[in-house]
There are 2 protein chains.
Amino acid sequence: MKRVSLKDIARIAGVSPSTVSFVLNGKAKQMRISETLASKIMEVAKKEGYHPNPVAVSLRTGKSQILGLIVETISGNFFASLSRIIEEEAARFGYKIVYTSTENKLQKGKELIGMLSQRQVDGYIITPTPGMEQDIKELIADNKPVVLMDSYFPGIDVPHVLVNNYEGVKRGMAHIIEKGYRRIGFVTVDLNLVQMEERLKAYFDTMHSEGLSTDNLVLSIKYEEDKELGIQQVTDYIKNTPELEAVFFATNYLGLLGLESIHRLGLKLPDDLAMICFDDHDVFRLYPPGITCIRQPAEEIAKTALELLMDQLGKGNGSLGETKIEISPGLVVRGTTEFVQKVNK
Amino acid sequence: MKRVSLKDIARIAGVSPSTVSFVLNGKAKQMRISETLASKIMEVAKKEGYHPNPVAVSLRTGKSQILGLIVETISGNFFASLSRIIEEEAARFGYKIVYTSTENKLQKGKELIGMLSQRQVDGYIITPTPGMEQDIKELIADNKPVVLMDSYFPGIDVPHVLVNNYEGVKRGMAHIIEKGYRRIGFVTVDLNLVQMEERLKAYFDTMHSEGLSTDNLVLSIKYEEDKELGIQQVTDYIKNTPELEAVFFATNYLGLLGLESIHRLGLKLPDDLAMICFDDHDVFRLYPPGITCIRQPAEEIAKTALELLMDQLGKGNGSLGETKIEISPGLVVRGTTEFVQKVNK
DNA sequence: TGTAATTGCTATATCGATATAGTATTTATT
DNA sequence: AATAAATACTATATCGATATAGCAATTACA
């Protein structure tokens, strides 16, 4: 029950601790320990059930075999999937994950970085929030391996993976325009994030290149803790925008607010209003008639992020070449952008 | 940029490391360090931005100020909420959380316990899965603080918090019976968990005490990775159960399968079939007409679990008295158990 | 045969903290 | 005045590993 230390193994095997350390770390040859002795030591270690104390190893080597993962929030399907896959992939390289969330609080994000670096994590996968630039710069300056996920800072040279936001919205817009919608609104949030800017830009570009006006069609809601306030803003927007035919919600959180609003206004999807949303959600799949969305390939993003990190840690195969990666999203067509349907089913 | 150690502070302040340690650990009085010197040391430490290296502290003291949290899966609203609250509460006591999930794999759960104990976590909050009895017994035998959450092992004496499953189903059953439903089915899963047994028992007890038959009304679906297989089982069950009026789903995961099935069968909620579910879900709130459910008070469960753990760690106020706690769930009435409604809105 | 090189291992400083046992100085006691 | 006790600290072993420098003993070489 009580733990056996390396010293114990050394004593039992009748050798010095250094010898045990060399053997168990695969440096037997390099340190010219005889085969006989090496295998004897391995045997003793196995029989005694020896496992090195990671805390001691960490103190001595400065490496912890732990990666820090900072996401926006644990709740939320997208981040939950990301986390699960990252955990799995990391395990294949012998790394554990310490999972933390900022809950969109800048201060908490900063604290987390500090906490993780104190804990000597070997690398970071971070979903950055505005204001974290400085902290991330410091990590980089400190030579810490960092990968940003889902967003990035245009000014700073840090490896990152994210979905191609511009392309995603372009694709979604192409879809609804092809379906015949013209008065298309766009609901975004006033967080100063590149991905939001990209999405909005794609909306404007598409509308304008189609010769469509965007006047009074864009709502940027104030980011609020309180969901009710968000719903109110969206409801007012839908009510007060004449002849609105379709709405593009820039995030799934906004889409959920939208659903609530539409539900409360007694509007029928898609007859009264069509909708499409960036990012999928359980609800979108199940809520009749199904909400059309742009799907972020969580698995690919997660795996790529880990690969980028492993490359920095010298454990990757460097197969990616690039360190700034944008992944193409998919379009999932469901009922909210179909004029017809509703006949079968 | 490079870290300052306790020794650095000692050197700068012109004292010995021990003195610095005493002062910074609040043992100045006890060790009769003069006020003057103490405040000087504190000043130096602050100016130099000293933060103790948690890894070294952990090695020396055997304490890590980290708690291990093992839940079933990161995805899943209930566990996500639990985790968030636990993280918050733990922070108030100066503890960090290492968050891991078993994904319902026994083997992974066992490995996680081993991993966490190697990492010297100071305590465990575990959502136990069948087969983990032995590992948990060992933790207890090893004097490790443990709290089980959401389930427990009847045979083993370990502090635990969970919702009162029996009461929850009783309450839900009372509700639908009062609404006039009589042919009520029950869908559960063939995992050997106490909470499932309790829920099923409450169903049987209620039905029988009301003089209602339960013949062929219970479906225990095989736990499968593949969602599609689950949906198939539920679909078959609904289709082949004559005159089914209402279904009680024992978990929200089952409820989601049920929704899919009902949707595919083209049934209308609640006209063709009423439903109620144990445990809430985003989808249940948003999916029209809203799914009636038994809500587990996540916040209370999380806080209680942490309190139980803190009591064991000697940091709690022991205000709970009991160490085996069942919390009353709430009934959330929505559209799927209302014959009428659908008029307003 | 004497020196150099190689083999096969060990001694020990170190990572950064904690805590016990000890030491020098001052104050109290008889 | 001599001893005891209290004050205000310090020296150092320790947690459990790693890794550098070193040290016998053997083999190679000239």
Side-chain angles (χ1 to χ4, degrees), chain A residues 2-42 44-45 48-66 94 115 117-122, chain B residues 2-42 44-45 48-66 94 115 117-122:
Chain A
K2 64 167 189 292
R3 318 192 48 167
V4 282
S5 73
L6 182 140
K7 265 181 192 161
D8 296 330
I9 302 301
R11 196 172 22 73
I12 295 168
V15 297
S16 83
S18 4
T19 310
V20 176
S21 173
F22 293 139
V23 169
L24 296 181
N25 287 309
K27 296 185 182 162
K29 246 124 272 173
Q30 191 187 324
M31 286 295 143
R32 30 184 173 239
I33 309 292
S34 67
E35 296 268 339
T36 336
L37 189 54
S39 57
K40 178 185 174 186
I41 289 172
M42 305 243 273
V44 173
E48 301 294 324
Y50 171 73
H51 287 286
N53 180 331
V55 177
V57 174
S58 179
L59 177 60
R60 182 58 231 249
T61 63
K63 313 270 166 195
S64 60
Q65 297 297 110
I66 292 180
M115 184 277 271
S117 86
Q118 272 176 46
R119 296 274 169 198
Q120 308 192 195
V121 302
D122 294 346
Chain B
K2 65 167 187 293
R3 319 191 47 167
V4 282
S5 73
L6 182 140
K7 264 180 192 161
D8 296 330
I9 302 301
R11 196 171 26 73
I12 294 168
V15 297
S16 85
S18 4
T19 310
V20 177
S21 174
F22 292 139
V23 170
L24 297 181
N25 286 310
K27 297 185 181 161
K29 244 124 274 174
Q30 191 186 323
M31 286 295 144
R32 32 183 170 237
I33 310 293
S34 65
E35 296 267 340
T36 335
L37 189 54
S39 57
K40 178 185 174 186
I41 288 172
M42 304 242 274
V44 172
E48 299 294 324
Y50 171 74
H51 287 284
N53 180 331
V55 177
V57 174
S58 178
L59 177 60
R60 181 60 232 249
T61 63
K63 313 270 167 196
S64 60
Q65 296 295 110
I66 291 180
M115 184 276 271
S117 86
Q118 270 176 47
R119 296 275 168 197
Q120 309 191 193
V121 302
D122 295 345

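Worth saying up front: this structure is predicted, and the values here are computed from it rather than measured. Note: hydrogens, waters and symmetry copies are ignored here, and every other heavy atom, side chains too, is used. Convention: sequence-line order gives letters A, B, ...; per-chain numbering from 1.
Projected onto DNA chain C by closest heavy-atom contact, Pro17(A) and Pro17(B) fall at different nucleotides, the more 5' of which corresponds to Pro17(A). Between Leu6(A) and Leu37(B), the one whose closest nucleotide on DNA chain D sits nearer the 5' end is Leu37(B).
Asn53(A) places its CG atom 13 Å from the C1' atom of dT14(D), with the value rounded to the nearest Å. Per the geometry, CZ belonging to Arg119(B) stands 16 Å off P belonging to dG16(D), to the nearest Å. For the pair Leu24(B) CG and dG16(C) P, the interatomic distance rounds to 16 Å; values are reported in whole Å. Remark: P of dA17(C) and CD of Gln120(A) are 10 Å apart, rounded to the nearest angstrom. The CG-C1' distance, from Asp8(B) to dT14(C), rounds to 14 Å in whole Å. Atom pair Arg32(B):CZ and dT7(D):P shows a separation of 6 Å (rounding to whole Å applied). One atom, NZ of Lys40(B), and another, C1' of dC9(D), lie 14 Å apart when rounded to the nearest Å. To the nearest angstrom, C1' of dT6(C) lies 15 Å from CE of Met31(A).
Counting heavy atoms from C-beta outward, Gln65(B) and Gln120(B) have side chains that stay 4.5 Å or more apart. Here the side chains of Arg119(A) and Ile66(B) are in contact, with some heavy-atom distance below 4.5 Å. The side-chain heavy atoms of Asp8(A) and Glu48(A), taken from C-beta on, include no pair separated by under 4.5 Å.
Within 6.0 Å of atom CE in Met115(A), more than 12 heavy atoms from other residues, nucleotides or ligands are found, so the atom counts as buried in its surroundings.
If you check dT20(C), dA19(D), dA17(D) against the side chain of Ser5(A), the one that comes closest is dA17(D). Side-chain atoms of Ser16(B) lie closest to dA11(D) of the nucleotides dG16(C), dA17(D), dA11(D). When distances are taken from the side chain of Ile33(A) to each of dT7(D), dC9(C), dA17(C), the shortest belongs to dC9(C). Looking at the side chain of Ala56(A), the nearest of the listed nucleotides dG8(C), dA17(D), dT20(D) is dA17(D). The nucleotide whose nearest atom lies closest to any side-chain atom of Ser18(B) is, among dA17(C), dC9(C), dT10(D), dT10(D). When the nucleotides dA17(C), dA19(C), dC9(D) are ranked by their closest atom to the side chain of Lys27(B), dA19(C) comes out on top.
Across all strands, Val15(B) comes closer than 4.0 Å only to sugar-phosphate atoms, never to a base (heavy-atom distances). At the heavy-atom level, Thr61(A) lies under 4.0 Å from the strands shown only through sugar-phosphate atoms. Note on Thr19(B): a base of the nucleic acid sits closer than 4.0 angstrom, heavy atoms only.
The side chain to side chain contact (heavy atoms under 4.5 Å, CB included) with Tyr50(A) is formed by just one residue from the set Val44(A), Leu24(A), Ile41(A), Val20(A); it is Leu24(A).
No donor-acceptor distance shorter than 3.5 angstrom exists from the side chain of Asn25(A) to the backbone of Lys27(A), with no hydrogens or angles considered.
Side-chain N/O atoms of Ser58(A) include none lying less than 4.0 angstrom from OP1 or OP2 on dA17(D). One finds no side-chain N or O of Tyr50(A) lying less than 4.0 angstrom from the OP1 or OP2 phosphate oxygen of dG16(D).
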